[in-house]
Protein chains: 2
Amino acid sequence: MIQSLLYPSLEEASDFINSALRVKNLVVCCGLFSVEYVGRSSSTLGAGERILIIKGDGSVLVHRSKGYEPVNWQPSGCIIRCRVEDGKMILFSERRRPKEFLKAVFDKVYIIFSTSLVDEAKFLMGPSEETFYSILFQHPEFIEKGLRLTSRQKPLSTGVVDFTGIDEGGNYVFVEVKRRTAGVDAVKQLDRYIKSQPTRFRGILCAPSITKQALSLLEKKGYSFRKLDLNRISKLLTIEPFEETLDKHF
Amino acid sequence: MIQSLLYPSLEEASDFINSALRVKNLVVCCGLFSVEYVGRSSSTLGAGERILIIKGDGSVLVHRSKGYEPVNWQPSGCIIRCRVEDGKMILFSERRRPKEFLKAVFDKVYIIFSTSLVDEAKFLMGPSEETFYSILFQHPEFIEKGLRLTSRQKPLSTGVVDFTGIDEGGNYVFVEVKRRTAGVDAVKQLDRYIKSQPTRFRGILCAPSITKQALSLLEKKGYSFRKLDLNRISKLLTIEPFEETLDKHF
DNA sequence: CGTGCCAGGTGCCTT
DNA sequence: AAGGCACTTGGCACG
């Protein structure tokens with residue numbers, strides 16, 4: 001059930017929003033307004049035509065005419081109030097921790113609607129990092145010939161190492177897996193794991209590619225890089241490859 | 001100028017969207033639909049009531065009833081098409097590089113509106129990390145009385161130290177600045193810089209606050225914590241301090 | 001609550 | 001175009 005108002009007065013819009021807030025409906029409001037934000041950072045946005053979205057869980061989004069990201073926002077769990085003051089509609093949102101405030105001051109509301117979105121569908125994501133681990137754990141030869149993996153996702157004092165194992169020469173090995181290009185961070189992560197151990201471990205960083213600086217740091221530390229062949233791995237997934245999904249749905 | 005349709009037929013909605021696309025208007029559409037995505041990853045979302053937003057620059061956002069993040073999206077620059085097929089409205093978005101596809105299949109459209117958002121306002125962001133460095137470099141007394149800073153953003157073998165300097169007692173000093181609460185990793189970072197030097201350096205970690213564990217580690221290492229007074233610093237910026245902004249606008 | 005770490009991260013700036 | 005890095009990153013899992 002949709003409720004909507006076209007070119008409402010600010011009083012009408014304010015009442016409308018307050019009604020929607022009480023029943024935790026979603027509200028979409030298009031109008032002319034300015035935005036102030038204070039919190040971890042702060043920002044000011046002068047008056048302009050935008051979209052403001054209030055979700056039932058207390059999140060707020062302000063979208064301008066371009067781009068993926070909202071220009072201002074408030075995450076879920078905020079306390080939201082709306083009132084008319086001095087001929088302007090003021091929408092105020094307060095986040096408790098960290099302390100953050102967002103205020104939208106409306107000169108005009110062009111259109112506003114609210115609804116309770118009935119949406120029970122499950123969101124299914126394609127192969128994640130976890131999926132890659134499973135495949136690699138069953139096929140350590142993709143990482144290195146003769147490698148035996150002894151544990152996965154092993155918690156250390158300083159983080160969780162993806163794999164532990166023993167290489168062809170009998171050396172203990174830590175393996176860090178990245179699904180995408182490995183950067184300096186990944187090398188540091190691996191280094192931290194190995195430094196945390198009293199005994200000697202070889203380090204293997206396994207990723208589809210690696211940045212130049214990361215490789216340089218890796219070599220300086222004496223660790224190894226192993227190129228991960230994504231196509232070969234995806235052949236082993238139950239999930240259908242890109243091309244097939246494309247053919248089927250698109 | 002707003003155009004809107006309440007409970008349109010799928011044909012009406014499709015025509016409406018195509019008209020809006022031609023003039024690169026923003027479109028907000030609330031309805032019952034499913035979403036498929038294939039690209040860097042892939043995802044499937046069964047039918048449910050949601051909001052779909054198309055922006056003039058070719059970005060697409062699908063929002064469910066909860067949370068800050070869109071469940072599916074397409075960044076700006078995509079090619080968008082809309083048609084009715086087998087009694088469903090299909091909205092298709094293609095990204096060129098990387099190759100990514102998003103498809104929304106509508107069973108029903110509850111409300112749809114479009115508008116060209118006139119929005120020329122400048123978005124002004126509060127102090128960034130860079131801003132803090134500049135201010136602190138010019139006002140080292142905020143860090144410590146009698147401190148002289150000799151260089152900023154100096155590259156070491158192990159990273160980039162924010163400031164180097166000499167304290168009142170003539171000791172060489174490394175300063176690491178954090179804009180937010182300093183955690184254990186900030187201490188480790190500082191420690192790494194100092195360990196990398198052949199000569200002795202004092203370590204100062206400068207942040208608005210510090211976690212208990214980080215402070216404990218810092219003290220164990222013999223380094224100093226300096227509370228960064230954000231209000232005092234922001235006085236030196238053209239940007240007004242938190243409390244004042246709060247008083248004035250909230 | 002802090003710590004660690006992934007994300008279809010996104011956006012910005014540099015080579 | 002690719003790499004590096006900050007972000008009001010958000011989000012989740014775990015101690």
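- Where Pro75(A) and Pro155(A) meet DNA chain D, the nucleotide closest to each residue was compared, and Pro75(A) sits on the side nearer the 5' end.
- Sequence order on DNA chain D of the closest nucleotides to Glu69(B) and Gly183(A) puts Gly183(A) first from the 5' end.
- Stacking annotation: Tyr68(B) is not stacked on the base of dG10(D) (requires ring centroids less than 5.5 angstrom apart and an interplanar angle below 30 degrees).
- One finds a side-chain N or O of Arg192(A) lying less than 4.0 angstrom from the OP1 or OP2 phosphate oxygen of dC5(C).
- Atom CG in Asn72(B) sits about 12 Å away from atom P in dT10(C), given to the nearest Å.
- In this structure, Leu156(A) places its CG atom 13 Å from P of dG4(C), rounding to the nearest Å.
- One atom, CD of Gln213(A), and another, P of dT15(C), lie 12 Å apart when rounded to the nearest Å.
- Closest contact between the side chain of Arg97(B) and the listed nucleotides dA7(C), dT8(D), dA1(D) involves dA1(D).
- Of the two residues near DNA chain C, Val71(B) and Val160(A), the one whose nearest nucleotide lies more 5' is Val160(A).
- Rounded to the nearest Å, the gap between the P atom of dG8(C) and that of dC5(D) is 22 Å.
- Residue Arg40(A) has a polar side-chain atom (N or O) positioned under 4.0 Å from OP1 or OP2 of dT9(D).
- Side-chain N/O atoms of Lys212(A) include none lying less than 4.0 angstrom from OP1 or OP2 on dA2(D).
- Looking at Arg50(B), its side chain does come within 3.5 Å of a backbone N or O of Phe33(B) through a donor-acceptor pair.
- Contacts of Asp185(A) with the nucleic acid, taken as non-hydrogen atoms under 4.0 Å apart, are absent.
- The backbone N or O of Arg64(A) lies less than 3.5 Å from no partner atom in the side chain of Asp119(B), so there is not a single donor-acceptor pair.
- Protein atom CG of Leu61(B) is 17 Å distant from nucleotide atom P of dG9(C), rounded to whole Å.
- Between Arg179(A) and dG8(C) there is no side-chain N or O to OP1 or OP2 distance below 4.0 Å.
- Under 4.0 angstrom from either OP1 or OP2 of dG10(D) there lies at least one side-chain N or O belonging to Trp73(A).
- Phe123(B) has its CZ atom 13 Å from the P atom of dC7(D), to the nearest Å.
- Checked by atom type and distance alone, the side chain of Gln74(B) pairs as donor or acceptor with a backbone atom of Ser93(B) at under 3.5 Å.
- With distances taken from any side-chain atom of Tyr37(B) to the nucleotides dG8(C), dT8(D), dC1(C), the minimum falls on dG8(C).
- For the pair Lys55(B) NZ and dG11(C) P, the interatomic distance rounds to 9 Å; values are reported in whole Å.
- Nucleotide dG2(C) holds its P atom 13 Å from the CG atom of Leu215(B), rounded to whole Å.
- Remark: of the listed residues Val60(A), Leu52(A), Leu102(A), Leu102(A) is the sole one forming a side chain to side chain contact (heavy atoms under 4.5 Å, CB included) with Asn72(A).
- Pro98(A) comes within 4.0 angstrom of no nucleic acid atom, judged by non-hydrogen atoms across all strands.
- The aromatic rings of Phe163(A) and Phe137(A) lie parallel to each other, with less than 30° between the two planes, well short of the 60° mark.
- In this structure, Gln189(A) and Ser76(B) both approach DNA chain C, and ranking their closest nucleotides by distance from the 5' end singles out Gln189(A).
- Residue-level contact check: Gln74(A) touches neither bases nor backbone, having no heavy atom under 4.0 Å from any strand.
- If you take CD of Gln153(A) and P of dC5(C), they are 11 Å apart, rounded to a whole angstrom.
- Under the 3.5 Å distance criterion, with hydrogens and angles disregarded, a donor-acceptor pair is assigned to the side chains of Gln189(A) and Tyr193(A).
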